[in-house]
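For the numbers below, each heavy atom of this structure counts, side chains included, while hydrogens, waters and symmetry mates do not.
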Amino acid sequence: MKKLCLAVFSVALVAGAAFAQSGSIADPDASNIGNDSARQALREVSVDRFEREGSWNVHISPDNGVISARLFEGSPAAKEDLNDENNQEMEDTRVLGIKTEFFHRGVNSFNIIAARPIAIEGVTKTVSVWVCGRNMNHDLWLLVQDYNGNRFEIWMGSLEFAGWKKLTTAIPPSPDGVHGIIQSSTYHGDKPGLRIVGFRVDCDPMEAQGTFYMYMDDLRAVTDLYDLENKDEDDMSDLW
């Protein structure tokens, strides 16, 4: 995947500022991330429930191993229902399973990519996903694309836990509206500012051996829909 020539330190610095506002890296507070104004309309929305075959593709270097993915019946027992009337009737009975067979130990990674980037309306504050990581010391990264088409990688957490766990990460706000992840601007019209490209798993060199299984379910986002919900009915749409 094409990456930005952006220093990791800069992203980490911006993310650190966001986490400092939210108070917790493991459970960031969406209401305090990039909170420059009291005008917010935060909503938790469903991004993808991993219910459709062919919606996600997996890839690993052929020098490092073989990877495959398929859907399974099941769901995390601790998962809470989404308080969204528009999505109450959506099917939610399956999870995505990924099986990686490593050829050797080493610095390996693999990607889980959406068939097409998934747009999120409004200004995204946090993204969460349920993961079953099989207690391996691998790291999960969220891959996103901003309005300008620039791609960023945001750390979601370690997979060193047993059973299901909800991993949540904050989307660092742009410090000046020019650098970092750009989601909102007077020049951007009505198009969504953030798209989910997928995930990357960076494997611990000592534990990247044999066969590794992981499962994913219920990708959600907390987004600020204030501008969309308070737009005048007679206002024109800048989509032409």
Side-chain angles (χ1 to χ4, degrees), residues 1-12 15 25 47-74 76 94-118 127-146 148-169 171-172 180-181 194-219:
M1 293 175 58
K2 180 181 179 181
K3 298 182 180 178
L4 284 177
C5 296
L6 180 68
V8 175
F9 176 77
S10 298
V11 175
I25 293 178
V47 179
D48 194 84
R49 300 190 179 189
F50 301 96
E51 297 292 317
R52 297 166 295 176
E53 294 283 357
S55 296
W56 294 84
N57 302 311
V58 291
H59 176 267
I60 189 174
S61 170
D63 295 331
N64 296 332
V66 177
I67 191 169
S68 59
R70 53 164 293 195
L71 298 177
F72 291 89
E73 295 292 329
R94 298 194 284 185
V95 303
L96 178 68
I98 301 100
K99 176 182 178 182
T100 307
E101 301 172 85
F102 297 106
F103 291 155
H104 52 77
R105 285 180 176 174
V107 181
N108 300 323
S109 65
F110 60 87
N111 294 324
I112 307 160
I113 304 298
R116 58 189 306 174
I118 307 172
V127 174
S128 65
V129 65
W130 281 87
V131 182
C132 184
R134 290 294 181 257
N135 206 20
M136 293 291 183
N137 190 31
H138 306 326
D139 286 321
L140 180 68
W141 292 79
L142 175 69
L143 310 179
V144 300
Q145 182 182 53
D146 73 356
N148 295 324
N150 298 324
R151 293 194 176 186
F152 297 84
E153 305 167 353
I154 305 173
W155 185 69
M156 294 208 71
S158 171
L159 302 183
E160 195 173 12
F161 53 84
W164 286 98
K165 182 179 179 180
K166 182 181 179 181
L167 298 181
T168 304
T169 188
I171 305 300
I181 300 176
L194 192 75
R195 288 170 171 80
I196 303 296
V197 176
F199 303 90
R200 190 184 73 242
V201 177
D202 289 342
C203 303
D204 185 300
M206 298 304 297
E207 296 186 359
Q209 61 175 329
T211 302
F212 170 62
Y213 297 90
M214 66 175 289
Y215 303 87
M216 307 182 74
D217 190 32
D218 201 26
L219 178 60

Gap between atom [atom2] of [Y] and atom [atom1] of [X] - 0.5 Å precision:
X	Y	atom1	atom2	result
Leu96	Phe199	CG	CZ	9.5 Å
Lys99	Ser68	NZ	OG	6.0 Å
Met216	Asp48	CE	CG	10.0 Å
Leu140	Lys165	CG	NZ	11.5 Å

Set of residues satisfying side-chain contact (heavy atoms from CB on, under 4.5 Å) with respect to [X], sequence neighbours excluded:
X	value
Phe72	Arg70, Val95, Tyr215
Ile196	Val47, Ile118, Ile120, Val127, Leu142, Val144, Leu219
Gln145	Pro117, Arg151, Arg195, Val197

Compute the ring centroids of Phe50 and Trp56, then answer whether they are less than 6.0 Å apart. yes
Could you pull out the closest heavy-atom pair between [X] and [Y], with the gap in Å?
X	Y	value
Leu71	Arg52	CD1-C, 3.7 Å
Ser109	Asp202	CB-OD1, 3.3 Å
Ile154	Pro172	CD1-CD, 3.8 Å
Ala115	Asn57	CA-ND2, 4.0 Å
Cys203	Ala208	CB-CB, 3.8 Å
Met136	Ser158	O-OG, 4.3 Å

Using the side chain to side chain contact (heavy atoms under 4.5 Å, CB included) rule, take Ile181 and Leu194 through it: C-alpha gap first, then chi angles, then the decisive distance, then the call. CA-CA 8 Å; Ile181 300 176; Leu194 192 75; 3.8 Å; yes
Tell me whether [X] contacts the main-chain N or O of [Y] through its side chain, where contact means a donor paired with an acceptor under 3.5 Å.
X	Y	result
Thr169	Trp155	yes
Asn135	Phe161	yes
His104	Asp63	yes

For the residue pair Asp217 and Trp164, confirm or rule out a side-chain donor-acceptor distance under 3.5 Å. no
Residue pair Met214, Ile112: steps toward the side chain to side chain contact (heavy atoms under 4.5 Å, CB included) verdict: CA-CA 11 Å; Met214 66 175 289; Ile112 307 160; 4.3 Å; yes
Could you go through Asn64 and Val107, starting from their C-alpha distance and side-chain angles, then the distance that decides it, and tell me whether this counts as side chain to side chain contact (heavy atoms under 4.5 Å, CB included)? CA-CA 9 Å; Asn64 296 332; Val107 181; over 6 Å; no
Flag the pair [X] / [Y] as yes when at least one side-chain heavy-atom distance between them is below 4.5 Å, and no otherwise.
X	Y	result
Leu143	Phe152	no
Ile60	Thr100	yes
Leu167	Leu159	yes
His59	Ile113	no
Arg94	Glu53	yes

Side chain to side chain contact (heavy atoms under 4.5 Å, CB included), that's the test. Do Arg134 and Phe212 meet it? Break it down for me. CA-CA 8 Å; Arg134 290 294 181 257; Phe212 170 62; 4.2 Å; yes
Describe, in one word, how the ring planes of His138 and Phe102 are oriented to each other, choosing from parallel (under 30°), tilted (30 to 60°) and perpendicular (over 60°). perpendicular
